[in-house]
Amino acid sequence: MARQVPDIPDDSVFLSFQAQCESHEGWTCYYNKPGIGVWMKPPGGRSCLVHTVKGSMTFPDVAAETVYDVLHDTGYRKKWDVNMIETRDIARLSVNADVGYYSWKCPKPVKNRDVVTLRSWLVMPDCYIIINFSVKHSMYPPRRDLIRAVSFLAGYLIKINGPTSCTLTYLAQVDPRGSLPKWVVNKSSQYLAPKILQKLHKASLQYPAWKKKHNSDFKPWLNPEQNTLPRISLNELSLQRAESLEHVDESQVCEVKEDRGDSEEEEGKNG
């Protein structure tokens, strides 16, 4: 199949993403507590056989702009993303688009995953949007110790509710390139997704104080002139197709109960 060069998303892509985040039709609720929920939607057709997951949480005491900063600031991500192994900004494509690498821990003994994505963002009068999808970059081929996943579309919608209040919605249609056991899906939707949203809320409350001590004026996502990443062209990238990657059958693996002491130690590091 011929190599396909990606496009930087235009406004219609962002509006379509926003519509999916705000839609209720076709979604099944997997977790519902006051102010926080997680939903899943089955595949929509033959072209993509991957479920879409959506999580949403109201932050009654955090400004939307602060959450937007937290999601962009890779130096702060370890404070809330408990599953992250590594994240790295690779290169910039435009004032509102770049290429990045991200790897994350999966529930043991499922193999860990990584992804290379084109990320783009848009600031609107009533919300902030960040979206990404998978691409190939010659300097970041699949690794032997990780399974390369494919993001068809993933991102965040941060809706402004007031000067110090917002609602964050996370939506992802990601192919893990493997047949996962049902317990992984249940654990991700009923435990891990709500936990990450709650950690993000806590981290957003603490971010302004942290940022004052860590390059307080450095926000290249708001000030493109501060961006020192190397610039590359879209022709140096290509869309990542799922069928070109290894598919691993992990459907029969059993859950390993992680040591609570290790978990608490990790919490201490990230707190």
Side-chain angles (χ1 to χ4, degrees), residues 14 17-18 21 33-38 54-90 92 95-98 100-105 117 119-132 154-172 191-229 263-271:
F14 285 98
F17 178 83
Q18 181 178 2
C21 288
K33 294 285 178 69
I36 184 171
V38 178
K54 176 170 65 175
S56 184
M57 182 174 180
T58 298
F59 294 3
D61 45 9
V62 184
E65 183 178 355
T66 299
V67 180
Y68 182 67
D69 289 346
V70 169
L71 292 170
H72 270 290
D73 200 329
T74 55
Y76 190 68
R77 186 154 190 151
K78 65 182 179 180
K79 294 289 185 180
W80 61 270
D81 190 346
V82 295
N83 298 316
M84 183 187 75
I85 299 173
E86 179 186 1
T87 185
R88 186 182 308 165
D89 295 331
I90 299 172
R92 54 179 166 150
V95 294
N96 72 322
D98 61 17
Y101 172 83
Y102 177 76
S103 57
W104 70 95
K105 294 178 287 186
T117 60
R119 181 182 62 164
S120 187
W121 51 92
L122 182 67
V123 177
M124 300 175 69
D126 62 343
C127 67
Y128 300 81
I129 303 176
I130 305 171
I131 59 176
N132 75 66
Y156 301 91
L157 167 69
I158 310 140
K159 195 82 173 178
I160 300 171
N161 296 335
T164 57
S165 174
C166 65
T167 298
L168 171 70
T169 301
Y170 168 73
L171 185 145
Y191 173 70
L192 296 178
K195 182 180 179 182
I196 289 176
L197 288 170
Q198 290 161 352
K199 291 281 283 186
L200 182 53
H201 175 226
K202 181 180 178 181
S204 297
L205 287 169
Q206 298 171 344
Y207 179 75
W210 179 90
K211 190 60 176 175
K212 283 182 180 178
K213 301 176 182 178
H214 299 82
N215 296 324
S216 60
D217 296 327
F218 184 72
K219 296 183 178 182
W221 51 92
L222 296 176
N223 308 303
E225 69 278 3
Q226 296 177 342
N227 198 324
T228 58
L229 289 173
S263 176
E264 289 175 348
E265 181 182 349
E266 191 66 28
E267 288 280 347
K269 290 178 182 178
N270 289 339

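Computation of the quantities below employed the complete heavy-atom set of this structure, encompassing side-chain atoms and omitting hydrogens, waters and symmetry-equivalent molecules. Values in this document were obtained by computation on a predicted structure and should not be read as measured data.
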Interatomic distance, [X] atom [atom1] to [Y] atom [atom2] [nearest 0.5 angstrom]:
X: Tyr76; Y: Trp210; atom1: OH; atom2: CH2; value: 7.5 Å
X: Leu197; Y: Tyr170; atom1: CG; atom2: OH; value: 9.5 Å
X: Ile196; Y: Met57; atom1: CD1; atom2: CE; value: 12.5 Å

With a cut-off of 3.5 Å and sequence neighbours excluded, list every side-chain donor-acceptor pair involving residues 156-164.
from   : atom 1 : to     : atom 2 : distance (Å)
Lys159 : NZ     : Glu22  : OE2    : 3.2
Lys159 : NZ     : Asp126 : OD2    : 3.0
Asn161 : ND2    : Cys166 : O      : 3.4
Asn161 : ND2    : Thr167 : OG1    : 2.9

Do [X] and [Y] come within less than 4.5 Å of each other through their side chains, counting heavy atoms only?
X: Phe14; Y: Ser120; answer: yes
X: Leu71; Y: Leu200; answer: yes
X: Val123; Y: Tyr68; answer: yes
X: Ile130; Y: Arg119; answer: yes
X: Cys127; Y: Gln18; answer: yes
X: Trp121; Y: Leu222; answer: no

Considering all heavy atoms, the nearest [X]-[Y] contact:
X: Ala64; Y: Tyr128; value: CB-CE1, 3.8 Å
X: Ala193; Y: Val38; value: CB-CG2, 4.0 Å
X: Ser204; Y: Phe59; value: OG-CE2, 4.1 Å
X: Asn223; Y: Asp217; value: ND2-O, 4.1 Å

### Query
Considering residues at least two apart in sequence or located in another chain, which fulfil the ring pair (Phe, Tyr, Trp, His ring centres under 6.0 Å) criterion with Tyr101?
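Partners of Tyr101 by the ring pair (Phe, Tyr, Trp, His ring centres under 6.0 Å) criterion, ordered by chain and then number, come out as Tyr140.
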
### Query
What residues form a ring pair (Phe, Tyr, Trp, His ring centres under 6.0 Å) with Tyr102, not counting sequence neighbours?
Trp104

### Task
Only counting residues at least two apart or in another chain, list the ones meeting side-chain hydrogen bond (donor to acceptor under 3.5 Å, both in side chains) with Gln226.
none

### Partners meeting side-chain hydrogen bond (donor to acceptor under 3.5 Å, both in side chains) with Thr66 (sequence neighbours left out)
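Thr66: no side-chain hydrogen bond (donor to acceptor under 3.5 Å, both in side chains) contacts found.
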
### Query
Going by the salt bridge (charged side-chain N to carboxylate O under 4.0 Å, His left out) test, which pairs reach into residues 64-77, not counting sequence neighbours?
Asp69-Lys219, Asp73-Lys211, Arg77-Asp81

### Task
Please answer whether the main-chain N or O of Cys21 pairs with a side-chain N or O of Lys54 as donor and acceptor at a distance below 3.5 Å.
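Yes; judged by distance alone, with no hydrogens or angles, the pair exists.
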
### Task
Report the C-alpha distance between Asp61 and His201 in whole Å, list the side-chain angles of each, state the deciding distance to 0.1 Å, and finish with yes or no for side chain to side chain contact (heavy atoms under 4.5 Å, CB included).
CA-CA 9 Å; Asp61 45 9; His201 175 226; 2.7 Å; yes

#### Entry: Evaluation steps, side chain to side chain contact (heavy atoms under 4.5 Å, CB included), between Gln206 and Trp80
CA-CA 10 Å; Gln206 298 171 344; Trp80 61 270; over 6 Å; no

